Structure formats: C-alpha cells, structure tokens
Amino acid sequence: MKVVGIIPSRYASTRFPGKPLAMIKGKTMIRRVCEQAWKSKLDAVVVATDDMRIADEVLSFGGQYVLTDPNHQSGTDRCCEALYRIEGQYDAVINIQGDEPFIDPKQINLLIDLISQEDAQIASLARHIGDDDELFSPNVVKVVMDKQGKALYFSRNPIPFMRNVAREQWLKKGNYYQHVGIYAYKTDILRRIAEMKPSALELAESLEQLRWLENGLSIRMALTDTPTVSIDSPDDLAKAEQLALNQTHK
C-alpha cells in the first residue's frame, strides 16, 4: 500500500498569521513538521499550501508542495484538493497537522498500519487523559470507542457522563481518552468526505469528524502515550523553543 502524508499549511490565521514560517531554534515550523514526517514509513510527504511564501520555504529545504485554494474551510478539504494535484497514485492519505513541529514519526507509522487494514476507512489516535483540567476542558476533544477500537462519538464534554459520581472521582472510576487530531483516510473515502455537507452534530460540537460518523463511516482508533505539542499562538513558541532545546541536548 502506498501512503502519502499531506500537511495542510495556510498563511492566514486569526490568532497567529504566518504561523508555518515561525522560527523554532533556527528552523521554521513547517520545516520541523516535514522533517519529522520524513522519519516515518510514508512514501511521500507533501505540503498543501495557499501561499507562495510557504511554498518557497518548503522548496528551500528540499520539500514538495502543491498550491491549493485559499478558501477551504478545513484541512481535510485542503488535503482532498492536494490529492488531485499530487503526481502519482496513492492508496491512503495521512493528514498531518502543520502546527505540531514535534510530531512523533511512530504515531504516523501507527496510523499507516491501521489504515493498511483492508476494511479500514479512516483511522486516528487517542491518548489516555490523566488530569481533571484536560477532562473538563472544552478545548480537549474526548472520544469513546467500542470493543473493536472504533470511535462511537467525539465530544468537547467529558464522555461518558458518570451518573451519581462526584466529578473529582470520574478519572478514578473510569477511563477517558483525548482525541489526537491526526487522521488517515483511504483515498476514495477522503474524496467522499469532501462531498459531504456539514451535519447537525458537527455544527453543535464544531468537530468535523462527527460529520463522518453521521454519514455512516467508521473511524478506527489506536492508543498512543506520546503527548502532542500544538502551536496555536505566538505565546506557544516559548514552550516549543524549550522543547527543541531539550531534544538537542538528548
């Protein structure tokens, strides 16, 4: 099976314009994402961008890019357009977040193994939640899974709800999982997703993966214990600089 990693990377951002070109210990964020992806089993890595400043940076370190429409509503839509523009034929796509410069290549490989299964349509990752701040934060997306490891539902609220149990006891009484926002799709499934209209559950929770579940697609989940570091604002650069420094000294 041939698998391509696509990194959606747009220049405009309300909270952090030009984020892909932000410098972290001498390297741009988009370069760090690419370099981590190159360490995985992917057959190719392509940056899908809407801006020549990002494209020129990708070329400067030997990466590959495709230009896409600046008006896409999601990274998934940008990935789908990029798939049509990429040279060569691929059986599956990994959608790699462009704001996670320290993504673990092992997580990408885990998704490649999942999506390579014959009956897999979409695959993603989850991580065990270990503290109340994460559990009750609406910014941390939670997921519940069936016994075969397929996602049943995603929510910004803690799921499941623990009836007749004090909130501070929920983590002691049950298992809760954070959704890690990296996806793998069979290529035909990605094209189907791009044609789907926003759904009621998606609009309610502001989570596009609920659209896929509402339309009958299945999402295979695998567990990871590697935390992710997402750069959402200029303030996050300080922690990224420190992490890069720590990795350099290992």
Side-chain angles (χ1 to χ4, degrees), residues 1 3-8 29 32-43 45 75-76 79 92-117 119-160 170-171 174-186 189-190 207-210 212-213 217-232 236 239-240 242-244 246-247 250:
M1 171 172 282
V3 185
V4 59
I6 299 179
I7 307 170
M29 178 149 45
R32 287 188 174 274
V33 177
C34 286
E35 288 179 345
Q36 290 300 99
W38 286 340
K39 297 174 186 176
S40 72
K41 299 188 296 185
L42 288 166
D43 295 290
V45 176
T76 306
C79 277
V93 175
I94 310 288
N95 180 350
I96 301 169
Q97 300 298 315
D99 58 4
E100 293 187 5
F102 306 105
I103 185 170
D104 189 342
K106 293 178 182 176
Q107 293 179 318
I108 298 174
N109 289 342
L110 188 56
L111 282 179
I112 292 173
D113 292 340
L114 268 183
I115 202 65
S116 295
Q117 296 176 20
D119 62 342
Q121 296 180 315
I122 306 170
S124 193
L125 301 177
R127 184 177 67 85
H128 190 267
I129 293 176
D131 67 69
D132 285 344
D133 287 342
E134 285 187 334
L135 180 61
F136 294 104
S137 170
N139 296 319
V140 175
V141 179
K142 274 69 70 172
V143 59
V144 287
M145 297 161 280
D146 68 16
K147 292 183 178 181
Q148 283 72 48
K150 293 181 180 179
L152 292 170
Y153 193 72
F154 299 85
S155 181
R156 297 184 182 278
N157 278 316
I159 47 176
W170 283 17
L171 284 177
N175 291 314
Y176 289 86
Y177 297 96
Q178 174 189 357
H179 177 225
V180 178
I182 178 173
Y183 300 101
Y185 323 83
K186 290 282 177 50
I189 296 297
L190 178 57
L207 297 173
E208 66 172 332
Q209 60 268 40
L210 292 177
W212 313 338
L213 292 181
L217 297 179
S218 65
I219 305 175
R220 286 184 175 272
M221 305 294 297
L223 297 182
T224 177
D225 56 6
T226 304
T228 57
V229 179
S230 180
I231 311 301
D232 298 316
D236 293 332
K239 66 180 181 182
Q242 186 58 51
L243 185 54
N246 293 342
Q247 290 185 342
K250 284 183 178 179

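Start at 1 with the first residue, then count along the sequence. For clarity, every value in this text was computed on a predicted model and none was experimentally measured.
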Residues pairing under salt bridge (charged side-chain N to carboxylate O under 4.0 Å, His left out) where one sits in residues 121-134, two or more places apart or in two chains, turn out to be Arg127-Glu134

The reported gap from CD1 in Ile108 to CG in Leu125 (rounded to nearest 0.5 angstrom) is 10.0 Å

Quiz item: Below 4.5 Å, heavy atoms only, C-beta onward: do His128 and Asn175 meet side chain to side chain?
Solution: yes

Looking only at heavy atoms, the pair that brings Arg156 and Pro138 closest together is NH1-O, 3.1 Å

Val180 backbone acceptor or donor facing Ser124 side chain under 3.5 Å: yes

* Do the non-hydrogen side-chain atoms of Arg220 and Asp119 ever get within less than 4.5 Å of each other? -> yes

What one should report as the nearest heavy-atom pair of Met29 and Pro101 is SD-CD, 4.0 Å

Separation between CG (Leu190) and SG (Cys79), nearest 0.5 Å, reads 6.5 Å

The complete set of salt bridge (charged side-chain N to carboxylate O under 4.0 Å, His left out) pairs with one or both residues in residues 105-115, sequence neighbours excluded, reads Lys41-Asp113

Worksheet item: Is the closest side-chain heavy-atom distance between Leu42 and Ile96 below 4.5 Å?
Response: yes

Distance col, row Tyr177:OH vs Ile159:CD1, nearest 0.5 angstrom, shows 12.5 Å

Side chain to side chain donor-acceptor pair (under 3.5 Å) filter on Gln107, not counting sequence neighbours, yields Thr224

The ring-ring contact (aromatic ring centres under 6.0 Å, His included) partners of Tyr176 (sequence neighbours excluded) come to none

Closest non-hydrogen contact found for Gly75 with Pro8 is O-CG, 3.6 Å

Sorted by chain and residue number, the ring-ring contact (aromatic ring centres under 6.0 Å, His included) partners of Tyr153 (sequence neighbours excluded) come out as none

When rounded to the nearest 0.5 Å, the distance separating CD1 of Ile219 from NE2 of His179 is 7.0 Å

Checklist entry - So, does Gln178 use its side chain to make a donor-acceptor pair with the main chain of Ile129 at under 3.5 Å? => result no

- Give a yes or no on whether the backbone of Val4 and the side-chain of Asp43 come within a donor-acceptor separation of less than 3.5 Å. no

Between Val33 and Glu100 the two heavy atoms that sit nearest each other are CG2-O, 3.6 Å

Correct closest heavy-atom pair for Gly181 and Gln97 would be O-NE2, 2.8 Å

Taken to the nearest 0.5 Å, the spacing of Arg32 CZ from Phe102 CZ works out to 5.0 Å

Taking every heavy atom of Ala126 against every heavy atom of Met145, the minimum-distance pair comes out as CB-CE, 4.5 Å

Applied to residues 142-155, the salt bridge (charged side-chain N to carboxylate O under 4.0 Å, His left out) test, sequence neighbours excluded, yields none

Taking the side chain as every heavy atom from C-beta outward, state whether Ile189 and Trp212 have any pair of such atoms under 4.5 Å apart. no

Rounded to the nearest 0.5 angstrom, the CG-CG distance for Asn157 and Leu135 is 10.0 Å

**Prompt:** Any side-chain heavy atom of Gln209 sitting closer than 4.5 Å to one from Tyr183?
**Reply:** yes

I'd like to know if the side chain of Thr76 pairs up with that of Glu208 as donor and acceptor (distance under 3.5 Å, no hydrogens or angles considered). yes

